[in-house]
Amino acid sequence: MDSEGQDSDISSKIVNSATQTNGCGGLSNGESAKVPEYDALQDKVASAASISQGEIVWVEGLVPGIDFCNHDFKAAATWEVDGTGATTGVPFSMYLLSAGENPSLIEKEISISYGNKGNEELLYLYGFVMNDNPDDYLMVHYPVEAIQNVDFSDSKAQLLEAQKAELRCLLPRSLLNRGFFPPSNSSEEDKDKPVSSQVCNYSWSGQRKTPSYVHNLVFPANFLNALRTLAMKENELYRVSSLLEELVGSGGERQPTDTEVQAAIWEACGDSGALQLLVDLLNMKMLDLEEGSGTEENDTELLEKACTAETPEDCKESRTSDIAQNHLLSRNKQSSIIYRRGQKQLTRLFVKEAEHALQLALTEEL
């Protein structure tokens, strides 16, 4: 039987057995601050207050006064929404609550947190990035168009749909805190946190044991489910079909649930095929990041040698100064290099996690 005929046969078995901000900037140093009451403003506030809570739409935007504050991981102040007007005298206004009583913050810049945003989001929304951003993340995906080129693509596509599998995932830096190689600055509390939805009822026959490394596997379960499906070999695909037929009956009395499909695929395949595919995807991402820009070390060297030009006038002055001996970078270009270096660093760290998990999986599946 040719590959196309086998694919059709397996597919049939699977089918038979088988998603306003109204703002007024005020500053409060821990005490109530009254905002001047302008007639026009009060009319708008009164109108907004008359709207039921369910109809108010909150949107992200800049608030005059508060938008002067820079972002910091350890912000010296917070901003609050005064829904009733008890603090500012104006309902639905906003005010800044500073930490001025802290002696260490005297004569220091007042900063706020813009939220737990990665460098990609900070760069897109605000035009800056943060070195060693703890909220940075890496996106990994399997190209949808590549599925048609894998063996038994029709059967695998049906299995992907049946288990609602994800072909892409975000890998936050914080995941590394509970991986095989946690950063030195991660807390014991982070290391002990379980990976949500990672452990499921894999084997109903008991033939495959839950791997010893599962609690250190930092990659999302839904993404690994998709990679297991795509990496399946012919004999594994037949076994999945057989397991599902045994579960729901040869007549297809009911369709298997997504959890049952995931369990059958894991029991037939294990983790090694999925982890090998994940290592390949991460290595391909690293090649894409390094193409035309070099390694993570190249970016670091470039930033160390660079001088930052804040304005176009700085660029002109530097041509006749000692700065010209170094690389002059605009603020935007410097931010882009920092973002790119961060992506390379995260890719390297997640490759290390995936390669170690792969070695453990191959050892336990022998």
Within the 3.5 Å criterion, strictly below it, is a donor on [X] or [Y] matched to an acceptor on the partner's side chain?
X	Y	result
Trp266	Asp271	yes
Thr88	Asp82	yes
Ser335	Asn332	no
Lys74	Ser113	no
Ser111	Glu109	no
Ser272	Glu365	yes

Check this for me: [X], atom [atom1], are more than 12 non-hydrogen atoms of other residues, nucleotides or ligands nearer than 6.0 Å?
X	atom1	answer
Glu297	CD	yes
Met139	CE	yes
Asn116	CG	no

Next on the checklist: To check you understand the geometry: which heavy-atom pair defines the closest contact between Thr295 and Lys344, and what is its length?
Outcome noted: O-NZ, 3.6 Å
Checklist entry - Got a salt bridge between Glu296 and Arg348, using NZ or NE/NH1/NH2 to carboxylate O under 4.0 Å? => result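 The answer is yes: the pair qualifies as a salt bridge.
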Next on the checklist: Taking Arg340 first and then Asp299, would you say they form a salt bridge - that is, a charged N and a carboxylate O separated by under 4.0 Å?
Outcome noted: yes
Item to check | CA sep, side-chain torsions, deciding dist, call: Asp280, Gln276, side-chain hydrogen bond (donor to acceptor under 3.5 Å, both in side chains) | outcome: CA-CA 6 Å; Asp280 294 340; Gln276 180 62 67; 3.2 Å; yes
Checklist entry - If Ile, Leu, Val, Met, Phe, Trp and Tyr residues are connected whenever their side-chain heavy atoms lie under 4.5 Å apart, and connections chain through other members, are Leu289 and Tyr339 in the same group? => result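 Leu289 does not cluster with Tyr339.
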Checklist entry - Of Glu236, Glu234, Arg228, which meets side chain to side chain contact (heavy atoms under 4.5 Å, CB included) against Met232? => result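 Going through Glu236, Glu234, Arg228 one by one, the side chain to side chain contact (heavy atoms under 4.5 Å, CB included) with Met232 is satisfied by Glu236 alone.
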Would you say [X] and [Y] make side-chain contact, with heavy atoms under 4.5 Å?
X	Y	answer
Ile338	Asn131	yes
Thr347	Val140	no
Phe180	Leu360	yes
Val144	Leu167	yes
Val351	Met286	no
Lys164	Asn222	no

Next on the checklist: Nearest 0.5 Å, please: how far is CZ in Phe350 from CG in Leu282?
Outcome noted: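 Taking CG in Leu282 and CZ in Phe350, the distance rounds to 8.5 Å.
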Checklist entry - Taking atom CG of Leu227 and atom CG of Leu275, what is their separation to the nearest 0.5 Å? => result 8.5 Å
Checklist entry - Taking the six-membered ring where the residue is Trp, are the ring centres of Phe181 and His356 under 6.0 Å apart? => result yes
Next on the checklist: In terms of relative ring orientation, are Tyr114 and Tyr126 parallel, tilted or perpendicular, with 30° and 60° separating the classes?
Outcome noted: tilted
Checklist entry - Any donor and acceptor pair, going by atom type alone, linking the side chain of Ser242 with main-chain N or O of Tyr238 inside 3.5 Å? => result no
Item to check | Worked check of salt bridge (Lys or Arg N to Asp or Glu O under 4.0 Å) between Arg254 and Glu260 | outcome: CA-CA 12 Å; Arg254 69 176 180 87; Glu260 290 169 340; 3.0 Å; yes
